[in-house]
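Only one structure is covered here, and it is reproduced in the block below.
Every chain is numbered from 1, with letters handed out A, B, ... down the list of sequences. Computed from a predicted model, the values in this text were never measured in an experiment.
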Amino acid sequence: MEETKDLIQQRREKLDEIREFGVEPYPHKYEPTHSTAAIHRDFADIQETPDEPQTVRVAGRVMTKRDHGKSSFAHIQDGEGRIQIYVRRDQVGAEPYKIYRRFDSGDIVGAEGTVFRTRTGELTVLVDAIQLLSKSIRPLPEKWHGLQDIQIRYRQRYADLIMNPEVKDVFLKRTQIVQAIRDMLNAQNFIEVETPVLQPIYGGANARPFTTYHNTLEQSLYLRIANELYLKRLIVGGFERVYEFSRDFRNEGMDRDHNPEFTMLELYQAYADYHQIMELTETLIAETAKIIHGTTKIRYQEHDLDFTPPWRRLSMVDSVREHSGIDPVPLSADDLYKEAAEAGVDLAGDETKGEIIAELFDTFVESKLIQPTFITDHPIEVSPFAKKKPEDPEFVERFEFFICGMEVGNAFSELNDPIDQRQRFLEQANNLKAGDSEAFMVDEDYLRALEYGMPPTGGLGIGIDRLTMLLTNQYSIRDVILFPQMRPEN
RNA sequence: GAGCCGUUAGCUCAGCUGGUAGAGCAUCUGACUUUUAAUCAGGUGGUCACAGGUUCGAUCCCUGUACGGCUCACCA
């Protein structure tokens, strides 16, 4: 950057001076014997200066440096924490000390020495030899306030991670969350699979896709908006329990809980219905909360959440009745339209009864669902891959679950009747033709798979980013995605 | 896409009805061999996001643009 030229220039000059001492500022390797955490662990009990000092080698980034003439203290930071080092001229030698004086905060160094405790009780490495492992020529943000500017934190996540340990912790927890879920599913004989990101026909959700083009095939391809239809093909093929952590892409707006690319766990279990999937869902998430927090009761922003199963189950119609005062069941589509419009729901006028119910839910219910809640039995019109309820074909065996007003997951008893599925596809295709940019096309190959026969199957999708937000108390999805989507800087 | 707010030194931030800028940290010089926001003394560092306008004069008022944040819309 132009503005930092002076400081960068100064550091480049130091780089040249270090080279003039015959030292390579970017060597190829170093072999630490201890991480900073290992030193704190292994030497926790030592007093002042031990009788039989043990030599350690530790490597990391210089974060602070306090020069005192002929000696100097510094803290170095590695992947696990920090350790103080104490560099004395009479210990390392006059010339190495001169070189060390050219080190800056931000430099990566390797230090060899013995561990002792300072007068003030801090565990410290008394350095016998210190080596530059990588010269930093761009200054770090200020040591006390760290890096605050949210724009720089997202654009330069590397700087954010160096300066803000709590950010690193969020992303470590994200990995732990994914690993916890993976372990639990594997333990239940689920098989992790990989399915296409580039799809000739997108489907499995209602969303606008990103479109790309394959030159050799001379064909448009879409980045997946979901992997649902591929995983169900695998159920047809005889994999009876499959899952995938799927990076999905939706060409839509961005806000605190939407990023154009996001991670969804989808899983499918043959012979299960949505009731079993509900139990699996609440167990998976409660157990994950326990692994991360040791409890199923956690705080998110201003809410105390309780993930302890069983979660509340409420049909969509009941939830609408409860929160809007409108009971859709006895009403005709026309009457429901009038009531909904009167209540302030924004409607175009051509909605079906089921679509109006879904609108009522969005308007009156969704934001009020704070504690984990299963909303079940959606209208068929908004659920093209779910099985009808045997006792009421206007509704389907489906649930979504909501936490803090956010939809976190979606599941159904999967539609496996190929004739019915074809009909639902045709309705979507008509919607697409009628201008609904989020409807999708008929997937003939998927229908062919269903025609071979798919066992009764329960399926589930969980928004991993949103789940991570909840379990790490982050307000924005950008705070749980390492590199959130941003406009170009210039 | 709309509304509101923000953008000042490398970083964190001040800046009064409009008189062309400050602090702390970082950095540089000097002193200092148990400091830890090291300390002490002295320096360097700015197209006040960008482009126009009003004004004798603009970081400040107005308009536009860029980027960001929040809210809403969109997104089952």
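- No N or O donor and acceptor, one from the side chain of A:Glu122 and one from the base of B:rU34, sit under 3.5 Å apart.
- Qualifying ring-ring contact (aromatic ring centres under 6.0 Å, His included) partners for A:Phe171, counting only residues two or more places apart in sequence or in other chains: none.
- Annotated stems with RNA chain B as a participant read B:1-7 with B:66-72, B:10-13 with B:22-25, B:27-31 with B:39-43, B:49-53 with B:61-65, given as range with range, by first number; only runs of 3 or more Watson-Crick or G-U pairs under 3.5 Å qualify.
- In this structure, the CE atom of A:Met63 is 17 Å from the C1' atom of B:rA38, given to the nearest Å.
- Classified by interplanar angle (parallel below 30°, tilted 30° to 60°, perpendicular above 60°), the ring pair A:Tyr446/A:Phe385 is perpendicular.
- Sorted by residue number, the list of members of residues 334-347 of chain A with any non-hydrogen atom under 4.0 Å from RNA chain B is empty.
- Both A:Ser105 and A:Gly146 sit near RNA chain B, but only A:Gly146 has its closest nucleotide nearer the 5' end.
- Among the atoms of the strands shown, none is found under 4.0 Å from any heavy atom of A:Lys65.
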Measure all distances between protein nitrogen or oxygen atoms and nitrogen or oxygen atoms of nucleotides 29-32 of chain B, and list the pairs falling under 3.5 Å.
unit_1, atom_1, unit_2, atom_2, d
B:rC32, N3, A:Gly69, N, 3.2
B:rC32, N4, A:Gly69, N, 3.2

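- Contact of A:Asp255 with B:rC74 (side chain to base): a donor-acceptor pair of N or O atoms is detected under 3.5 Å.
- Every residue meeting the ring-ring contact (aromatic ring centres under 6.0 Å, His included) condition with A:Tyr202, not counting sequence neighbours, appears here in chain and number order: A:Tyr222.
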Derivation of the ring-ring contact (aromatic ring centres under 6.0 Å, His included) call for A:Phe412 and A:Tyr274: CA-CA 5 Å; A:Phe412 7 98; A:Tyr274 77 141; 9.5 Å; no
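- A:Arg422 pairs by the side-chain hydrogen bond (donor to acceptor under 3.5 Å, both in side chains) definition with A:Glu444, not counting sequence neighbours.
- For A:Tyr100, the ring-ring contact (aromatic ring centres under 6.0 Å, His included) partners at least two apart in sequence or on another chain are A:Tyr97, A:Phe103.
- A:Arg89 contributes no side-chain N or O that forms a donor-acceptor pair with the base of B:rU33 under 3.5 Å.
- Residues that satisfy the salt bridge (Lys or Arg N to Asp or Glu O under 4.0 Å) test with A:Lys135, not counting sequence neighbours, are A:Asp104, A:Asp107.
- Among the heavy atoms of the strands lying under 4.0 Å from A:Ala207 are primed sugar atoms or P, OP1, OP2 only; no base atom is included.
- Within 4.0 Å (heavy atoms only), A:Glu252 reaches sugar-phosphate atoms of the nucleic acid but no base atom.
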Tabulate protein N/O versus nucleotide N/O from nucleotides 64-71 of chain B, keeping only pairs under 3.5 Å, one per line.
unit_1, atom_1, unit_2, atom_2, d
B:rC67, O3', A:Arg155, NH2, 2.9
B:rC67, O2', A:Gln151, OE1, 2.1
B:rC67, O2', A:Arg155, NH2, 3.2
B:rG68, OP1, A:Arg487, N, 2.9
B:rG68, OP2, A:Arg487, NH1, 3.3
B:rG68, O4', A:Gln151, NE2, 3.1
B:rG69, OP1, A:Arg478, NE, 3.3
B:rC70, OP2, A:Arg478, NH1, 3.4
B:rU71, OP1, A:Tyr475, OH, 2.2

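- Annotation: A:Arg256, atom CZ; neighbour count of heavy atoms from other residues, nucleotides and ligands within 6.0 Å is above 12.
- A:Phe402 is linked by a ring-ring contact (aromatic ring centres under 6.0 Å, His included) to A:Phe361, counting only residues two or more places apart in sequence or in another chain.
- Near RNA chain B, meaning a heavy atom under 4.0 Å away, the residues from residues 353-386 of chain A are A:Asp362, A:Val382.
- Residue A:Glu342 qualifies as open at atom CD: its count of foreign heavy atoms under 6.0 Å is 12 or below.
- Using cut-offs of 30° and 60° for the angle between ring planes, the A:Phe210 and A:Phe249 rings count as perpendicular.
- With sequence neighbours excluded, the residues satisfying side-chain hydrogen bond (donor to acceptor under 3.5 Å, both in side chains) with A:Thr64 are A:Arg66, A:His75.
- At the phosphate of B:rU39, neither OP1 nor OP2 sits under 4.0 Å from any side-chain N or O atom of A:Arg66.
- With hydrogens and angles left out, the side-chain atoms of A:Gln77 and A:Arg82 include a donor and acceptor closer than 3.5 Å.
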